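Please read the structure below before turning to the comments.
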Amino acid sequence: MNELIGKQDDELGADLWFPLPAPLCLLTLLLPPLSPAAPISPAEPISQAYSLALYMQKNTSALLQTYLQYQGSPFSDPGFSAPELQLSSLPSAAISFKIWHALEDGERLNRAQGAFLALTQHLQLVGDDQTDLNPDSPILLAQLGAARLRAQGLLGNMAAIMTALGLPIPPEEDTLGLVPFGASAFERKCRGYVVTREYGHWTDRAVRDLALLKTKYPE
Amino acid sequence: MKLSRKEQAESARNGDQTHLWEGVGKWEIVWTAETGQPRARPAFQDDLHRLRRYILPGSSMTSRDRPLDRSLYGSTTLRAPAPRAAALLRLRGFHSCYRSEKTNTKIPALLPGDHEISINPLHGSRSSISRFILNEENISLIPDTPEILNLSADFSTSTIHIKWNDKGSVFPHHSDVIWQIKILRKKKMEIVTLMTHNTTLNGKDTVHQWSWTSDMPLECVTHFVRMRCYVDDLHFSGHKEWSDWSPVKNISWSPDYQPKVIPKDKVILVGSDITVCCIIQEKVISAQFGKEMCSLIHLDGENVAIKIYNVSVSPTSGTNVVFTTDTNMVGTVIFAGYPPDIPQKLNCETRDLKEIICTWNPGRPTGLLGPHDTNYTLFENFSGQNVKRAEDTTNVNYQLFFQMIPNREIYNFTLKAHNPLGQSESTVLVNITERVYPHTPTSFKVKDINSTAVTLSWHLPGSFAKINLLCQIEITKSNSVQELQNVTVKGLENSSYLITVGKLSPYTNYTFRIRCSTETFWKWSSWTIEKQHLTTEAIPSKGPDTWREWSSDGRNLIIYWKPLPINEANGRILSYNVSCSSDEETQSLSEIPDRQHKAEIQLDKNDYIISVVAKNSVGSSPPSKIASMEIPNAPIVAPNFTVEDTSADSILVKWEDIPVEELRGFLRGYLFYFGKGERGTSKMRGLGSDRSDIKIKNITDISQKTLKIADLQGKTSYHLVLRAYTDGGIGPEKSMYVVTKENSVGLIIAILIPVAVAVIVGVVTSILCYRKREWIKETFYPDIPNPENCKALQFQKSVCEGNSALKTLEMNPCTPNNVEVLETRSVVPKIEDTEIISPVAEHPEDSSEAEPENHVVVSYCPPIIEEEIPNPVADEAGGTSQVIYIDVQSMYQPQAKPEEQENDSVGGSGYKPQMHLPVTSTVEDMTAEDDLDHTAGYRPQANVNTWNLVSPDSPRSTDSNSEIVSFGSPCSINSRQFLLPPKDEDSPKSSGGGWSFTNFFQNKPND
């Protein structure tokens, strides 16, 4: 699994102008016995993660709009919104501010990491769904792929932060579980909608998470 | 009254008298003794089967309206009421008796007509005997209620399958049966449809199956089915009725979870209708198909459906159907598209005779992608092999590859297209050796053989061993001429090919490229990339063109030659060799480098043969030879020239150089001829330079290319000729006709001046006439007094005494007689002064008509005229002669000059008025005698007789003559004033004497 992340990060570095140190940080993460014992300052990985989250934030709404545009009416209708649609396998980003603020840094990061782990897997699923539904729309497929890679990149950055903060890294788990392969086209469209929507919400939340961390660990 | 079997039994127990006839085959007859009409139905009961069959003895074969096998209907059952279990049934018509322990019995089918039936209890009183009349027409035929054996459903196609048994075995012979099947929907059993189905009974029990497809998915709502039948037995004359409806059976479905929208991911044909339903517990608020809202069809519970008509083609991801509730949205996706079009332009070819590539055009798009996209399979019908297109082919590339079968040339391909909505196919039969589209040849190379031939080699992959290749070579020579050569080569197995191209030019840049096909042409391959090649050099094919010229001092011979054109040089010229040979010696200059095209050799003026040879890296050209003394030739063409500009008086000519080849010598100059001439006239044909009207310009400055010819006349055609000349002579001529422009200014002046002069003269004349009107009047139209009243006639008495009473005397105050004038000589010189410029000076140019008038006028004042005469003489002959005239004062001219004599005959002389007077007469063919008379008659100014005679009597007298006559009135003659003119210069005017009005003209120049 660690190898997988490393490989994906390499892809990310090639595809995006992703901060170069990220894979390096990840390497240090991957090889803890070799890394020097001296604790790394959390400011740098926080800053990098924050930059990436900000960059992702700029693209989330475009991703959602592109996604909806290809699903046909009513999804493509202006102002479409279906908050009632949820995915049980995907944690919701909505949280009361008070609770969020009261969370400890480790817990906050834990939740975000769990969410982005789920998002990467769901984005993969949505990409596959759309390959069936919109095989002639390379733009959509590329955006979904890019979003997945960015989510993975942010995961790596968060892991680096947790390492820097000396927090335990939660084990990766299969959040998707049994994939409902027999889902109807409509269910797939809805699923994709929820995933791209939650991806935006979680990115917004991650920006806030990291901004808060930034203030706590200034450079 | 219709009774079920139970009821029959019931009624039997109750003691009703019921007749039961059973069978169509067996008839069950039910009746009541008192009221009931008997009824019949086919007897299916097992117990009835046991009843014996009665074959009617001597059946009425003659019956008209009954089939012959009427008896085959078999037995008839008669049931007696239970209490009378044992009874005797007598059929009167049959004369038969049936004994039955039960309450029913069977009797054979009845023959037409009435039958009296009596039922007698075996043990009872005779009074209880019941009798009735039975006729088949009173019997109803009611088939037994059918029963649905099996009801099944195919939910994917929304189809219900129904199975049932027709129980045809109970009917002895064939009958048509009508089945009615009723489909009901929802719990409220709303009828959806009622359909009929026809079958035939064939005497055996047959299970029938029938299917019905629902417009609404079967999952949406429970469907119920029941059926009944009607036996249309042609042999039965009674009343036929539908059977009872069968018990209902239903099809229902319950979802594994809710809510659920059905159908799921359905692919339908564009233009069809579809019903979508939503199985849900919540209340559905709205439903939409794509962008359009749909009206809800309420089903059981909260379930709803929508019906969509004439579905249009879906976008790629399908058309969404969405049901919205207060808290949720559920939906499904419909994919509306088309079945695959017939593959078009199916074409199978090979590039290497190893693999066949079949390509096609899918035709109309299906509108379906992804999992619903069209699958293509290519079958080869002879071999039975097939290839499928990879399903994950996302690129729109409609081709399939088929490995060739060894030693097979003919292939019959069928391409099958298939998608969820249908399939189509198209076939093609090919001889694959005729469908070869070779790859682009590779490794294309050019190699030299010699200066005019090269070999071309290339590689072509493919198994062409059994066929011939046709290749095309494009040869482009130095970016100019393009040539295509076709060559046929024997095909090989994955090999290189080699051909030779000849007939090339040495030392020339060629561009080669090649493409190939097969002898049975199908398609050219692409061209190879171009290869440039420079052929090798060859010796120059001829020597250079050579000229020579003696230097100005005559000692050296200068030899010139023209560089060889590239097609003759056959390479790069490195040097030239020049040699001059005579009988005695040979001089040569060798290795003259290229760029220098001239050599100078000191020679005496003997005959030499000069030879020039050009050399390139391969060798020398053949020598080009000329003799040293050869005379240069004249140019063989004339220079082209054009007229650049023309004006009224000039022409600008421009010409071009003569090409050196046509000059044939050294240009020395041009000759330009020009002269008046029109096209067509051969005025300058000869171009004789001696002709005065042709001007020649010799242009020796050979750099001069223009010439302006000036001083020409306007609007005149000029003939221009230009020739070039060399030492060898003058070349041919080139001529041209040019018309100069009109000189408009000169023309205007030429018109304006005479007009202006005429106007001025007219105006001056008018003014003078106006001023002198009195004088004119007096002169030309004097009041002629009546001679009788005229006292002048009495002048002999007192002419000059100034009698004022006489008008004539007033008018002519110069009464003094001329006789007195002769005595006053001193006056003469003055008159001479004033009148020097008298008309005489100009008279020779003036009209001859004016002249005589003057003279005539003068003639009446003799003294003045005499003075006038000398004036012209004074101009030319000097004052001496003047003096002479004056002195003489004679009427006769003694010194007439020879000129005057000549002029006299012409009548242009005013020199001698006296002589002239008769001369003017001769103008009108006066005879000499007349002259004499006149001269003689001049004096008679005083002689009244003479005066009287001249004018009226002369037959030839003109108006002027008559004027003369009037002038010659005695009054004027006697005028003294006239003879004494004032000394002023303007005296002639003031004097107003005998001068004619022509004086005005004569005076004018003086002014």
Side-chain angles (χ1 to χ4, degrees), chain A residues 63-89 92 94 125-145 178-197, chain B residues 219 255-257 259-267 276 278 282 285-294 311-336 365-374 390-396 420:
Chain A
L63 172 68
L64 180 59
Q65 288 312 310
T66 308
Y67 178 83
L68 290 176
Q69 176 198 328
Y70 282 101
Q71 309 311 315
S73 184
F75 298 98
S76 59
D77 295 347
F80 172 81
S81 172
E84 66 272 18
L85 295 180
Q86 294 290 342
L87 275 177
S88 57
S89 53
S92 169
L125 177 67
V126 173
D128 292 354
D129 287 344
Q130 292 300 314
T131 306
D132 270 0
L133 286 168
N134 284 298
D136 57 347
S137 309
I139 296 170
L140 172 63
L141 301 178
Q143 284 197 19
L144 286 169
L178 294 172
V179 178
F181 285 116
S184 73
F186 188 78
E187 285 160 351
R188 294 177 192 204
K189 287 181 177 184
C190 292
R191 176 159 84 188
Y193 161 68
V194 175
V195 170
T196 49
R197 183 190 67 195
Chain B
E219 297 96 327
D256 44 0
Y257 62 93
K260 193 135 190 160
V261 179
I262 294 157
K264 176 180 132 183
D265 300 353
K266 178 98 171 168
V267 182
V276 180
C278 178
E282 277 182 88
I285 300 165
S286 66
Q288 71 182 97
F289 175 80
K291 283 184 185 260
E292 69 185 90
M293 304 304 294
C294 305
V311 176
S312 54
V313 69
S314 298
T316 305
S317 65
T319 309
N320 302 316
V321 182
V322 178
F323 294 90
T324 312
T325 68
D326 278 330
T327 60
N328 205 355
M329 64 176 268
V330 289
T332 189
V333 180
I334 304 292
F335 297 90
T366 59
L368 303 172
L369 283 177
H372 312 301
D373 200 2
T374 310
E391 287 196 10
D392 58 346
T393 311
T394 46
N395 60 332
V396 189

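Small disclaimer: the values here were computed from a predicted structure and weren't measured.
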>> side chain to side chain contact (heavy atoms under 4.5 Å, CB included) for D136(A) and Y70(A)? Distances and angles first, verdict last.
In response: CA-CA 10 Å; D136(A) 57 347; Y70(A) 282 101; over 6 Å; no

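- Each of V321(B), V276(B), V333(B) was evaluated against P263(B); a single residue qualifies, V276(B), per the side chain to side chain contact (heavy atoms under 4.5 Å, CB included) test.
- The side chain to side chain contact (heavy atoms under 4.5 Å, CB included) search around A142(A) returns none, not counting sequence neighbours.
- Of the atoms belonging to E187(A), it is side-chain heavy atoms, and not backbone ones, that fall under 4.5 Å from chain B.
- With a 4.5 Å cut-off on non-hydrogen atoms, F289(B) does not touch chain A at all.
- Relative orientation of the F80(A) and Y193(A) rings is perpendicular, given thresholds of 30° and 60° on the angle between their planes.
- The backbone N or O of S81(A) lies less than 3.5 Å from no partner atom in the side chain of R197(A), so there is not a single donor-acceptor pair.
- The part of K264(B) that comes within reach of chain A is its side chain, from C-beta onward, which places non-hydrogen atoms under 4.5 angstrom from that chain.
- N320(B) touches chain A through backbone and side chain together, each having a heavy atom under 4.5 Å away.
- With a 4.5 Å cut-off on non-hydrogen atoms, D132(A) touches chain B through its backbone and its side chain both.
- Contact of V330(B) with chain A is made through the backbone alone, with heavy-atom distances under 4.5 Å.
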